[in-house]
Protein chains: 2
Amino acid sequence: MDVFERMVEANRAYAATFEGGGLPAPPRLRLAIVTCMDARIDPMRAFGLEPGDAHVIRNAGGRVADALRSLCISQQLLGTEAVAIVHHTGCGMATFRDDDLRERLRAQGVVADHVAFLPFRDVDQAVRDDIALYRSSPLVRQDIPVRGFVYDIDSGLLREVV
Amino acid sequence: MDVFERMVEANRAYAATFEGGGLPAPPRLRLAIVTCMDARIDPMRAFGLEPGDAHVIRNAGGRVADALRSLCISQQLLGTEAVAIVHHTGCGMATFRDDDLRERLRAQGVVADHVAFLPFRDVDQAVRDDIALYRSSPLVRQDIPVRGFVYDIDSGLLREVV
């Protein structure tokens, strides 16, 4: 069974007992969370969310630069008015630099010098940088709270970055 | 209690019984899923995933254009070799056009004519478009399977788009 068949089969079981229909699109908690795509993070469980509660935006590193379009839509069209930025320990984004990945791609015949892959060295600093980037963007609301956290992948615990 | 306190408190309860530590970063199923930030989607449950199984990339609409950086990192550095693109019924992205949102922002003093917000009209076509966009990008592997699905927000069921 390939991964797609596995996914479709698991989904059939999920849908068989599904009771979450009829929820409205605007998030109940008026919250948008930006976090990493990392396979070890289960945002719904880890952050205590029920279906319908919050937008969850995920990308490599949980970087705000890649989330501005989504945050703008979330705020303008679906009424969110709080943002949590959650990076995590043990992130793959701390294991390389732009030039490393660009060279790796170049060896495969792919030129990616125009792509910022958004790696970082220090996770706390990356959270602070992403709050600063948020605060510098006209696309997103500046009159709402934005808080930054680091999720510990091995303890499951959130820590606020100040 | 504000939404951040709520999140931190729920997380404390989660961490108190957390047993998911020590997992490796590369996704066990070598799968990356691109889906929407919509609050009503719980990808882990809906697609039968355990922590550690798959990268989950989420943005407004589940659009591939916004996921290429993440997919490139996922494949080059963390070994994923299958991609599932999952859009959904009742998506907010089908309720506006670029010009609507740009005018709305302009009325707030924000010029966003340079931003493609990636709305769509037909969800099946949007999935096919995103597979085509994937297939046209040198940043991502072309020798691996990419499949497209629509998730029914009211039944919880996945349907493959062909």
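Naming convention: chains lettered A, B, ... in sequence-line order (proteins, then strands); numbering from 1 in each chain.
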Exercise for review: Mind telling me whether B:Tyr151 and A:Phe18 have parallel, tilted or perpendicular rings, with 30° and 60° as the class edges?
Suggested key: perpendicular
Review point. Among B:Val115, B:Thr17, B:Leu105, which has the most heavy-atom pairs under 4.5 Å with chain A?
Key: B:Leu105
Exercise for review: Kindly compute the distance separating CG (A:Asp66) from CD1 (B:Ile57), expressed to the nearest 0.5 Å.
Suggested key: 9.5 Å
Check your understanding: Rounded to the nearest 0.5 Å, what separation is found between the CG atom of A:Asp38 and the CG atom of B:Leu78?
Key -> 8.0 Å
Exercise for review: Let me know if B:Leu158 has heavy atoms under 4.5 Å from chain A in its side chain, its backbone, both or neither.
Suggested key: both
Revision key, fill the gap. When the 4.5 angstrom heavy-atom criterion is applied to B:Ala32 and chain A, the contacting part is neither
Study note, to complete from the structure: Applying a strict 4.5 Å limit to non-hydrogen atoms, the region of B:Ala84 in contact with chain A is both
Check your understanding: Which atoms form the tightest heavy-atom contact between B:Leu139 and A:Ala112, and what is the distance?
Key -> CD2-CB, 3.8 Å
Practice item. Answer yes or no: is there an ion pair linking B:Asp42 with A:Arg45, defined by an N-O contact shorter than 4.0 Å? Key: yes
Review point. With distance as the sole test, does B:Asp154 use its side chain to make a donor-acceptor pair with the main-chain N or O of A:Gly21 at under 3.5 Å?
Key: no
Exercise for review: Measure distances from B:Leu31 to the heavy atoms of chain A and classify the residue's part below 4.5 Å as side chain, backbone, both or neither.
Suggested key: side chain
**Study point:** Side chain / backbone / both / neither for B:Glu9 at chain A, heavy atoms under 4.5 Å
**Key:** neither
Review point. CG/B:Leu29 to CZ/A:Arg6 distance, rounded to the nearest 0.5 angstrom?
Key: 4.5 Å
**Study point:** Minimum-distance pair of heavy atoms, taken over all atoms of B:Ala10 and A:Gly48
**Key:** CB-CA, 3.6 Å
Check your understanding: Can you tell which of B:Arg69, B:Gln76, B:Arg159, B:Arg63 has the highest number of heavy-atom pairs within less than 4.5 Å of chain A?
Key -> B:Arg69
Point to revise | Residues, nucleotides or ligands: over 12 heavy atoms within 6.0 Å of B:Gln125 CD | key: yes
Practice item. Check whether A:Phe117 gets within reach of chain B through its side chain, its backbone, both or neither, counting any heavy atom under 4.5 Å. Key: both
Practice item. Counting only heavy atoms closer than 4.5 Å, note whether B:Asp2 contacts chain A via side chain, backbone, both or neither. Key: side chain
Review point. How long is the span from the OG atom in A:Ser74 to the CG atom in B:Asn59, to the nearest 0.5 Å?
Key: 12.0 Å
Exercise for review: Answer with side chain, backbone, both or neither: which region of B:Val56 has an atom nearer than 4.5 Å to a non-hydrogen atom of chain A?
Suggested key: both
**Study point:** Inter-residue atom distance B:Glu5.CD - A:Glu160.CD, 0.5 Å rounding
**Key:** 10.0 Å
Practice item. Counting only heavy atoms closer than 4.5 Å, note whether A:Ala16 contacts chain B via side chain, backbone, both or neither. Key: neither
Check your understanding: Tell me, side chain or backbone of A:Thr35 under 4.5 Å from chain B's heavy atoms, or both, or neither?
Key -> neither
Study note, to complete from the structure: When the 4.5 angstrom heavy-atom criterion is applied to A:Pro26 and chain B, the contacting part is neither
Practice item. May I ask you to test the B:Met37-A:Arg58 pair for a side-chain heavy-atom distance under 4.5 Å? Key: no
Review point. With a 4.5 angstrom heavy-atom cut-off, which part of B:Cys72 approaches chain A: side chain, backbone, both or neither?
Key: side chain
**Study point:** Expected output: side-chain B:Asn11 to main-chain A:Phe47 donor-acceptor under 3.5 Å
**Key:** no
Check your understanding: Is the backbone of A:Ala60 close enough, under 3.5 Å, to the side chain of B:Ser70 for a donor and an acceptor to pair up by distance?
Key -> yes
Practice item. Indicate the atoms forming the closest heavy-atom contact of B:Tyr14 with A:Gly156, along with that distance. Key: CD2-O, 3.7 Å
Check your understanding: Which region of B:Met44, side chain (C-beta onward) or backbone (N, CA, C, O), has a non-hydrogen atom less than 4.5 Å from a non-hydrogen atom of chain A, or is it both or neither?
Key -> side chain
Point to revise | Student check: side-chain heavy atoms of A:Arg30 and B:Val3 closer than 4.5 Å | key: no
